[in-house]
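Read the structure below first, then the notes.
Keep in mind that this is a model prediction, so the values were computed, not measured. For the single chain, residues carry numbers from 1 onward in sequence order.
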Amino acid sequence: GLARCAHGMNKAKDGVRHRRAAKSKSSSPEPEAASSAKVEEKPKTVIVTNEGFSLDLRHALLVTVALLIRLVFMNYPDQVVWDELHFAKFAGHYVTGNYYFDVHPPLGKLIFGAVAYLGGQVGPFNLRLIGSDYAGTSIPYVFMRCVSVLAGTLTVSWVYKLMQACSLPRATAAVAGLLIAFDPMALVLSRFILLDAMLAAANVAALLAFVKMTKATPLSGLWWSWLSTTGIALATAISIKFTSIFTILLVGVLTLDYLNKCWDLPALSLKQLAGMFIGKVVLLIFLPVAIYLGLFVIHFALLPKSGSGDAFMSMEFQRGLINNPFAHIQASASEVANLSMVTLKPAHQDGGWLHSHSHRYPIYPSGDKAGLVSSYQQQVTLYQFEDDVNNWWQVQIVKQGAFAASPVRIQGHSVLHLRHDDVIRLVHVGSGLPLNSHDVAAPLSHDAQEVSCYAPGDERAPVGQPGHMPKHDLWRVEVLGSTDPVVRAISPGIRLVHLQTETALVATGKQLPPWGFNQMEVATHRQINTSAAIWQIDNHRHSLLPEFKRSLSNGTTSNLTTWQKIVELHVAMLDANSKLVHRHSLSSSPSQWPLVNQGIPFWHGPQGQQVYLLGNPIIWGLSTLALPLLLLGWLVERLAARRYLWHINPIVHRRFTTLVAITLGGWFVNYAPFFLVQRQLFLHHYFLSAILSMCALVGGIDHLTRSYLPAWSRTILLSVLCLASVGWYLTWYPLIYGSVTTKDHLESIRLNGNWSIKTHWNA
């Protein structure tokens with residue numbers, strides 16, 4: 001990306017003298033640039049007005065088409081789609097001011113929150129499931145989706161400009177933009193309330209601005225402008241998702257290479273070099289850091305109230321939130337002890353309180369006698385209403401753990417406090433039955449275990465005989481987020497690990513059918529390091545301890561500075577990210593996605609309509625094949641130039657190097673690190689790599705056909721790419737827009753058996 005560095009430096013030293021010298025062919029540092037400029041002096045697709053404004057018709061047409069195919073059917077489906085369940089909910093928190101926690105930085109959600117507020121949202125996002133109807137709510141979901149539409153359209157526009165900046169002709173750059181415009185994954189991600197379209201746009205903008213900066217006259221106004229834009233774009237990208245750190249790494253390496261080349265140019269004085277270095281430090285390091293930290297200041301300012309994210313934070317942090325009940329609770333009243341009565345609720349969900357009632361699980365929870373069989377024991381659920389006697393549980397300490405301590409004497413009685421690592425039995429107050437789990441699939445989450453209350457007779461058969469169901473009602477208590485081993489009410493959280501199966505009690509977030517009174521499912525899962533396994537003791541009673549009372553915080557009792565809050569939040573975010581390690585049925589490993597082996601069903605409708613996330617397998621396959629060939633071609637040319645095997649135009653090769661550095665380098669730094677990441681990875685994590693691989697494919701074809709093949713071959717190859725892109729879009733569009741289609745059509749486009757496209761449904 002530094003092909004014109006020397007040319008720019010000469011102009012910086014003495015603009016008048018070098019502009020005159022440029023008339024001489026021998027004195028021009030880049031004669032090929034002058035000749036190519038003559039070829040493109042009056043391109044057929046550019047209109048120049050009398051005022052000097054130029055309109056690139058190819059660019060305008062490309063952007064218009066990209067916008068239209070993203071805007072069409074914007075209000076459909078009028079239901080929650082995939083991770084809209086999370087990001088639209090987070091946006092709603094900015095409307096209500098209630099604190100939330102997420103593993104990503106706040107910028108994307110701040111933007112959605114601003115649109116939600118301006119669009120008229122007046123309350124929280126209360127929808128709990130994918131497929132929930134937006135109708136009847138104040139959520140302006142269409143306007144919020146338009147944010148992604150705009151970001152997706154800008155990505156197409158900036159890909160076109162990036163390829164032009166890498167010295168590709170307009171026609172070739174338009175093909176690169178077209179591949180992104182019609183790619184099914186790019187379309188789906190830019191039609192819903194998701195972060196991925198914004199993330200891709202910011203990263204592409206950063207690369208575009210950086211290349212533009214390297215081509216501008218050093219220290220000129222344009223150079224400073226593009227350098228500032230690069231810093232702002234990098235700040236925007238990292239403020240949406242942490243994965244943008246890889247693009248920052250690429251820009252950093254290319255910046256060092258740029259400065260190294262500048263250092264070798266005698267045309268630049270030491271004063272000018274120092275100015276360039278200081279400018280890059282300020283605008284590529286300090287400016288992005290200032291923007292990034294400033295967004296967290298705004299984030300905290302807009303979320304002053306207690307909310308669902310409280311339990312992720314320290315007690316001191318929570319004291320700074322309005323209406324947080326942790327601020328003034330009497331210490332002795334919050335300490336849980338043997339025979340304490342408690343209510344429990346998930347720390348990071350709004351689903352309700354741990355609950356049981358006299359009704360049993362149906363033998364066939366799905367209603368299908370060929371389906372899974374339950375234990376037919378008493379149901380355990382989450383109940384949405386707090387004031388219910390069936391929400392209360394009695395703590396019975398069975399065995400003390402690593403922090404065992406002697407009982408204390410209160411009013412002449414011994415009181416044994418509950419501590420970390422103690423083994424307990426939780427007895428349901430309403431029925432007198434203990435909380436139980438066993439190796440029976442949960443009714444909805446089949447990869448988890450059913451949770452029940454064990455009643456006399458639930459053993460079914462004597463010990464040792466077929467069908468015997470033993471009582472497994474012991475739980476190990478683990479205190480989270482505190483170094484104090486004593487279990488307290490309204491504490492950062494506890495985890496209940498089922499002793500017999502080493503699974504954790506979790507709130508799955510799934511709603512039970514009418515046989516469960518539409519309450520929420522509770523289960524145990526072998527993945528214990530998940531936020532769904534964190535519970536909070538919400539109420540506490542003990543006859544020998546002081547009365548438990550909440551005293552709500554006014555938000556002014558925390559002693560943490562803003563910087564300390566930012567540091568604490570980042571520690572919590574990184575910790576939560578590190579725990580997302582369990583395998584998901586829809587996840588895609590780094591070795592899978594280039595083969596288009598696994599997609600994601602985003603949404604299902606009642607008549608077989610569905611939105612399915614997947615890329616164009618033809619284009620993705622060719623792009624994956626092009627990457628090693630592009631690297632091989634660059635290495636061969638490099639070797640040929642050094643060994644004088646054949647003539648290599650140095651200007652053309654430098655431009656080819658820029659293309660390889662941006663596309664192949666960008667693909668590598670945004671893809672290879674995922675092999676080292678031990679966390680859930682989905683198809684959309686590779687979106688930026690997919691975009692850059694398509695750019696590499698188009699750029700490689702252009703270089704090959706211009707340097708070594710006849711001109712007509714370029715037209716044919718690029719036309720084939722366009723046909724493959726648009727043709728697959730026309731075939732796949734029902735799965736982009738959720739349109740009604742036939743089972744036969746879906747069967748015909750399901751080229752891979754691993755694609756979980758629904759091809760059978762009730763008419």
Side-chain angles (χ1 to χ4, degrees), residues 344 346 351 353-383 390-391 393-399 422-478 494-513 515-517 519-530 532-535 582:
L344 296 104
W353 287 260
L354 187 66
H355 174 92
S356 187
H357 42 241
S358 59
H359 299 271
R360 291 175 174 262
Y361 289 107
I363 296 178
Y364 303 104
S366 66
D368 182 2
K369 292 185 177 181
L372 294 173
V373 178
S374 79
S375 67
Y376 191 59
Q377 294 177 7
Q378 183 169 302
Q379 297 176 18
V380 173
T381 65
L382 285 186
Y383 187 52
N390 284 325
N391 295 346
W393 302 80
Q394 185 186 61
V395 176
Q396 298 179 0
I397 299 178
V398 177
K399 179 183 177 182
D422 285 357
V423 175
I424 67 169
R425 183 179 286 114
L426 274 177
V427 178
H428 183 239
V429 173
S431 62
L433 303 180
L435 187 70
N436 182 79
S437 187
H438 38 223
D439 190 16
V440 174
L444 301 180
S445 303
H446 299 156
D447 61 339
Q449 293 181 173
E450 178 192 86
V451 174
S452 64
C453 279
Y454 195 94
D458 282 344
E459 64 271 10
R460 289 191 180 180
V463 177
Q465 293 191 12
H468 175 67
M469 296 287 291
K471 182 192 292 186
H472 288 161
D473 61 349
L474 299 181
W475 304 82
R476 185 175 68 251
V477 179
E478 298 180 355
I494 62 171
R495 181 162 50 224
L496 295 171
V497 179
H498 188 237
L499 201 64
Q500 286 88 351
T501 61
E502 284 297 319
T503 55
L505 187 72
V506 298
T508 66
K510 297 179 180 179
Q511 189 172 32
L512 296 169
W515 58 254
F517 305 96
Q519 295 171 19
M520 307 303 288
E521 182 189 47
V522 174
T524 59
H525 200 283
R526 61 184 178 274
Q527 176 55 44
I528 67 174
N529 292 319
T530 171
I534 303 176
W535 295 80
H582 65 281

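Gln396 meets the side-chain hydrogen bond (donor to acceptor under 3.5 Å, both in side chains) test with Gln394; sequence neighbours excluded. Not counting sequence neighbours, the partners of Arg476 by the side-chain hydrogen bond (donor to acceptor under 3.5 Å, both in side chains) test are Glu478, Glu502. Scanning for side-chain hydrogen bond (donor to acceptor under 3.5 Å, both in side chains) contacts around Thr381 gives Gln519, with sequence neighbours left out. Looking at residues two or more places apart in sequence or on another chain, you find a salt bridge (Lys or Arg N to Asp or Glu O under 4.0 Å) between Arg425 and Asp473. Residues passing the side-chain hydrogen bond (donor to acceptor under 3.5 Å, both in side chains) test with Asp447 are His525, sequence neighbours excluded.
Residues Leu433 and Gln377 form no side-chain contact, since every pair of their non-hydrogen atoms from C-beta on lies 4.5 Å or further apart. The closest side-chain heavy-atom distance from Pro443 to Leu512 is below 4.5 Å.
The two residues Ala507 and Pro346 have their closest heavy-atom pair at CB-CG, 3.7 Å. When all heavy atoms are compared, the tightest approach of Ser356 to Asn390 is O-CB, 3.0 Å. Here the shortest heavy-atom pairing between Ser452 and Tyr361 reads CB-CE1, 4.1 Å. Summarising the geometry of Leu474 relative to Gln500, their closest heavy-atom pair is O-OE1, 3.6 Å, with the distance given to 0.1 Å. Residues Asp458 and Cys453 share a closest heavy-atom pair of OD2-O, 3.8 Å. For the pair Pro365 and Leu372, the tightest heavy-atom approach, listed with the atom from each and the gap, is CD-O, 3.3 Å.
For the residue pair His438 and Glu450, a side-chain donor N or O sits within less than 3.5 Å of a side-chain acceptor on the partner. In this structure, a donor-acceptor pair under 3.5 Å is present between the side chains of Ser437 and Thr524.
Glu521 contributes a side-chain N or O that, together with a main-chain N or O of Ser445, makes up a donor-acceptor pair within less than 3.5 Å.
Gln379 pairs with exactly one of His357, His359, Arg360 by the side-chain hydrogen bond (donor to acceptor under 3.5 Å, both in side chains) rule, that one being His357. The only member of Leu344, Leu426, Val522, Val380 that meets side chain to side chain contact (heavy atoms under 4.5 Å, CB included) when paired with Leu505 is Val522.
Sequence neighbours left out, the pairs with a member in residues 456-478 that pass ring pair (Phe, Tyr, Trp, His ring centres under 6.0 Å) are Trp475-His498.
Here the CH2 atom belonging to Trp393 is positioned 9.0 Å from the NE2 atom belonging to His355, to the nearest 0.5 angstrom. From Arg495, atom CZ reaches atom OG1 of Thr530 across 9.5 Å, with rounding to the nearest 0.5 Å. The OH atom of Tyr454 sits 14.5 Å away from the OG atom of Ser431 when rounded to the nearest 0.5 Å. To the nearest 0.5 angstrom, Leu382 atom CG is 8.0 Å from Thr508 atom OG1. Rounding to the nearest 0.5 Å places CH2 of Trp535 at 9.5 Å from CD1 of Ile494. Atoms CE and CD, from Met469 and Glu459 in turn, are 10.5 Å apart once rounded to the nearest 0.5 Å.
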